[in-house]
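Just below is one structure, and these are the notes that go with it.
Please read these numbers as outputs of a predicted model, since none were measured by experiment.
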Amino acid sequence: MIKKLTVVMMALIVALNGASCAAQPENKRYEAEFLSLFDTVTRIVGYAESKEKFSEQAQLIHDSLEEYHRLYDIYTDYEGVNNIKTINEQAGIAPVKVDRRIIDLLIFAKEAYGTTNGQLNVAMGSVLKIWHDYREAGIDNPENAKLPSLEQLAAAAEHIDINKVIIDEENSTVFLEDPEMSLDVGGIAKGYATERVAQIAEENGITSALISVGGNVRAIGTRGDGTPWKVGVQNPIDEAGDNVCDVTLTDASLVTSGTYERFYVVDGQKYHHIIDPDTLFPANYYVSVTILCKDSGMADALAKIFNMPYEEGLALIENLPDTEALWVFPDGSLKYSSGFPIDL
């Protein structure tokens with residue numbers, strides 16, 4: 001969620017032409033925010049010479065994100081669009097011809113499945129749907145909130161084999177071999193789309209922007225004065241308190257996953273939305289995990305170390321280049337990977 005991150009930026013930047021000493025238009029800081037995509041708040045902060053110029057840039061980012069949102073949606077049909085929902089509806093029936101951006105996402109997700117030792121599994125839709133339905137019912141009617149049974153979850157887990165997601169690149173089709181399988185790309189779609197859209201923005205001349213799609217933050221270039229962007233990682237235990245640390249970003253990504261994003265309460269205990277594929281229940285090692293790396297999609301995937309014991313997650317992170325992590329434990333203590341940049 002956007003409330004996890006506090007963005008601290010300069011108010012005004014004045015650009016001067018050193019050769020002629022003629023004043024150039026001021027690059028001012030602008031913001032845009034919208035609520036309609038990926039079931040979260042998207043915020044764009046950037047520097048531009050005018051409000052009109054920034055509005056053009058923000059519109060480009062919004063429209064690009066909207067295209068990815070429709071393609072990766074598992075709940076809604078869109079006219080003329082075969083999306084993830086379409087693939088799920090055709091499970092065990094027929095391959096679905098899809099946009100290349102879906103093919104690319106699923107190829108990336110399969111690679112991330114291997115990188116994360118199976119903790120990121122987009123084929124877990126059958127299990128995640130059960131938790132989604134119980135969570136929504138529990139939020140709507142807290143007094144009667146219940147947990148799904150292990151038997152129910154185990155039966156659904158018989159249908160989460162990612163190898164049964166058949167991708168035909170030549171024909172641009174996706175087929176789920178198991179008729180009871182479904183895809184849920186929520187664990188990677190926001191980060192992957194944010195990265196792709198940031199690249200589109202750069203290709204269109206945007207050199208200074210910070211894009212936040214929920215907890216997925218991607219910096220384009222630097223702030224208007226050439227200094228890195230600065231974001232704060234929110235305290236997941238005391239959300240009204242100080243950030244646990246500040247991080248500077250230049251052409252890099254920061255992703256935080258935590259227990260406070262989506263949850264419900266059963267018999268006084270909180271059950272969040274990050275489901276461990278091994279136990280089929282929410283993991284309780286940490287209250288949040290933050291990943292810092294270049295690619296927002298990979299950062300989103302690697303945030304699934306939330307489901308790993310600390311030593312295992314640390315070993316994974318330390319073996320990846322230009323990748324760092326921060327763990328916040330239930331008692332409020334913090335641990336960092338060896339190169340995590342902090343400004344306490």
So, do Trp131 and Phe281 have ring centers that fall under 6.0 Å from each other?
yes
Applying side chain to side chain donor-acceptor pair (under 3.5 Å) to Glu203 and Gln199, what does each step give before you reach the verdict?
CA-CA 6 Å; Glu203 291 166 1; Gln199 294 174 6; over 6 Å; no
Flag this pair as yes if the NZ/CZ of Lys335 is under 6.0 angstrom from the six-membered ring centre of Tyr310 and inside a 45 degree cone about the axis; otherwise no.
yes
Does a side chain donor of either Ser126 or Glu180 reach within less than 3.5 Å of an acceptor in the other side chain?
no
Taking Leu128's backbone N and O only, do any of them form a donor-acceptor pair with Asp184's side chain (distance below 3.5 Å, no angle check)?
no
Check: Lys97 main-chain N/O paired with Thr173 side-chain donor or acceptor under 3.5 Å
no
Please check if the distance between the ring centroids of Phe263 and His273 is under 6.0 Å.
no
Atom CG in Asp276, atom CE in Met308: separation rounded to 0.5 Å?
9.5 Å
Determine yes or no for a side-chain-to-main-chain donor-acceptor pair under 3.5 angstrom, with Tyr113 supplying the side chain and Ala123 the backbone.
no
Would Arg223 pass as a cation-pi partner of Tyr47, given that its NZ or CZ must be under 6.0 Å from the six-membered ring centre and within 45 degrees of the axis?
no
May I ask you to decide whether Glu169 forms a salt bridge with Arg100, counting only side-chain N to carboxylate O separations under 4.0 Å?
yes
Can Lys85 and Asp77 be counted as an ion pair, charged N to O under 4.0 angstrom?
yes
Donor-acceptor contact below 3.5 Å, side chain Lys28 vs main chain Gly46
no
Between Asn307 and Gln119, is any side-chain donor less than 3.5 angstrom from a side-chain acceptor?
yes
For Tyr78, run the side chain to side chain donor-acceptor pair (under 3.5 Å) check against Asp73, Asn83, Thr86 and tell me which one passes.
Asp73
Return the orientation label for the Phe38 and Tyr72 ring planes: parallel under 30°, perpendicular over 60°, tilted otherwise.
tilted
Is the distance between the ring centroids of Tyr192 and Phe108 under 6.0 Å?
yes
Do NZ/NE/NH1/NH2 and the carboxylate oxygens of Arg135 and Asp140 come within less than 4.0 Å?
no
Under a 3.5 Å threshold, yes or no: a donor from one side chain and an acceptor from the other, between Ser296 and Thr194?
no
Is any NZ, NE, NH1 or NH2 atom of the basic residue among Arg101 and Glu67 found under 4.0 Å from an Asp or Glu carboxylate oxygen of the other?
yes
How long is the straight-line distance from CG of Leu210 back to CH2 of Trp229, given to the nearest 0.5 Å?
5.5 Å
